[in-house]
Amino acid sequence: MAKKILVTGSNGLIGSEVCVYFARRGFKVHGMDNNQRAVFFGPEGDTRWNQRRLQSATPGFSHHELDIRNRAGVEELVKGIAPGLVVHTAAQPSHDRAAAIPFDDFDTNAVGTLNLIEACRRHCRDAAFVHMSTNKVYGDGPNRLPLVELDKRWDYADHHKEHGIPENFQVDQCLHSLFGASKLASDVVVQEYGRYFGMPTCCLRGGCLTGPNHSGVQLHGFLSYLVKCNLEGAEYTVFGYKGKQVRDNIHSEDVAGFIHRFYLKPRCGAVYNLGGGKENSCSILEAFEIVEGISGRRQKFAYVDQNRVGDHICYYSDLRKMKEHYPGWAVTRSLPQIMEESVKAWHERLKA
Ligand SMILES: NC(=O)c1ccc[n+]([C@@H]2O[C@H](COP(=O)([O-])OP(=O)(O)OC[C@H]3O[C@@H](n4cnc5c(N)ncnc54)[C@H](O)[C@@H]3O)[C@@H](O)[C@H]2O)c1
């Protein structure tokens, strides 16, 4: 019998990549989404195109139209499928959007995660459970590190410069945004189901996860949105930090690859920082240069001398723990490769 996977948020960037990745490996894939991204971000956040892509081109894929906040519905779905792997990507994903929709944000991110993992405890407690967490669980703590200002980017001025931010970095007593708070709540809940109930759970604290299937918007998915602006000749707004703020970027397929390794050799209550690491890091100014080199078009931008509340000045993930626990895993796509794919995908989508 085919192995079964349940993917929440399957219309989204990570969810859809995970669906394709596991379908190719013979899994029966159950996706669950309700296109809430279009409610959070308006028509530009609409993910139905990606759902249609999965339904038409992914063998064995079934879509389930369901809201993660629907506790009874989620329990019924989990019970009916009894998956061997659950990948939870459904979320309100924006730091900035959360302040305007605090209940929707917390009910989706924190309570939705509880709905799902408790349903798993009741009906498939041996299933590997992978939760997409975020580096925003560290709040603005990384901004307190000593930094050095370089020509085009900020960097750490202490030992973090070598490998980036590790998993034991302090998570509390700092500014998170309501998004960071709801995600930290879900992160701790998932760890607890691992430690308290002994379930095979994993939290992946993402840096910038990106790839060709992101429906990037101003408030979420900076690299995808930046590429879209470049191709459309639209103005990209840079918020503060002189455009030198640094992010580490990882292709969604490398995320799926790690999830596969965790599934094959799960641990209980695991936590990893997942991003492109220092090698795949860039500032916004550096990202402009890369995309201009690929598309041949100048990037228009406006600068607002006010950073987003609690936004990281410099963040890249320390990947050593992941690599030590799962030695076969590595980042396989360089930043220019990721951006080339994104340029190609946006070309197609803007034509359609
Ligand atoms: N993309 C990133 O840079 C990044 C970085 C760090 C963490 N993460 C985390 O990874 C996960 C996936 O991110 P993504 O970039 O794929 O986001 P995404 O917005 O592309 O995908 C999330 C999907 O969840 C769906 N969804 C939202 N609310 C829902 C609800 N109430 N019920 C059912 N479905 C719902 C949306 O419609 C969307 O298709 C999120 O938990 C996010 O916080 C992402």
Side-chain angles (χ1 to χ4, degrees), residues 6-19 31-42 44-54 63-71 73-74 77 87-95 97-98 101 103-113 115-116 130-138 177 179-187 190 203-217 219-226 247-256 258-259 272-276 280 312 315 317 338 342:
L6 171 61
V7 182
T8 71
S10 46
N11 294 3
L13 167 77
I14 299 300
S16 61
E17 188 76 59
V18 168
C19 288
M32 189 214 105
D33 205 302
N34 66 346
N35 196 28
Q36 192 72 17
R37 190 173 170 91
V39 178
F40 294 144
F41 303 120
E44 279 192 72
D46 199 297
T47 58
R48 290 290 183 209
W49 67 274
N50 210 11
Q51 179 186 327
R52 286 190 291 274
R53 186 180 68 92
L54 289 174
H63 176 79
H64 302 268
E65 187 74 18
L66 185 66
D67 193 315
I68 195 75
R69 291 170 289 189
N70 177 347
R71 183 171 297 162
V74 168
L77 182 72
V87 181
H88 179 38
T89 81
Q92 191 299 106
S94 166
H95 191 72
R97 185 80 185 102
I101 50 168
F103 291 118
D104 284 341
D105 178 82
F106 200 86
D107 287 344
T108 303
N109 291 354
V111 184
T113 301
N115 291 345
L116 182 66
V130 178
H131 171 58
M132 293 311 299
S133 183
T134 169
N135 63 16
K136 297 294 191 299
V137 300
Y138 301 118
S177 81
F179 164 74
S182 65
K183 292 295 280 190
L184 179 56
S186 63
D187 184 304
V190 171
C203 292
L204 297 178
R205 295 177 172 168
C208 278
L209 320 176
T210 190
N213 299 315
H214 216 176
S215 306
V217 291
L219 291 178
H220 182 244
F222 103 94
L223 213 53
S224 166
Y225 179 67
L226 183 150
R247 302 287 178 266
D248 65 331
N249 306 282
I250 185 168
H251 193 287
S252 43
E253 200 173 300
D254 282 339
V255 177
F258 182 81
I259 292 171
Y272 301 104
N273 287 349
L274 168 74
N280 267 14
H312 289 151
Y315 187 95
S317 316
I338 293 173
S342 191

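Values below: all heavy atoms of this structure, side chains included; hydrogens, waters and symmetry mates excluded. In each ligand, atom 1 is the first atom listed, and ligand 1 is the first ligand listed.
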Set of side-chain contact (heavy atoms from CB on, under 4.5 Å) partners for A185, sequence neighbours left out:
F106, A110

Pairing residues for S177 by the side-chain contact (heavy atoms from CB on, under 4.5 Å) criterion, not counting sequence neighbours:
H95, F179

Ignoring hydrogens and geometry beyond distance, is a side-chain donor-acceptor pair present between S16 and N50 at under 3.5 Å?
yes

Sub-4.0 Å heavy-atom environment of ligand 1, residues by chain
G9, N11, G12, L13, I14, M32, D33, N34, N35, Q36, R37, F40, T47, L66, D67, I68, R69, T89, A90, A91, P93, T108, M132, S133, T134, F179, K183, G206, G207, C208, L209, H214, H220

So, S186 and N109: side-chain donor and acceptor under 3.5 Å apart, yes or no?
no

Side chain R97, main chain L219, donor-acceptor under 3.5 Å
no

With sequence neighbours excluded, tell me which residues meet side-chain contact (heavy atoms from CB on, under 4.5 Å) with L13.
L209, H214, S252

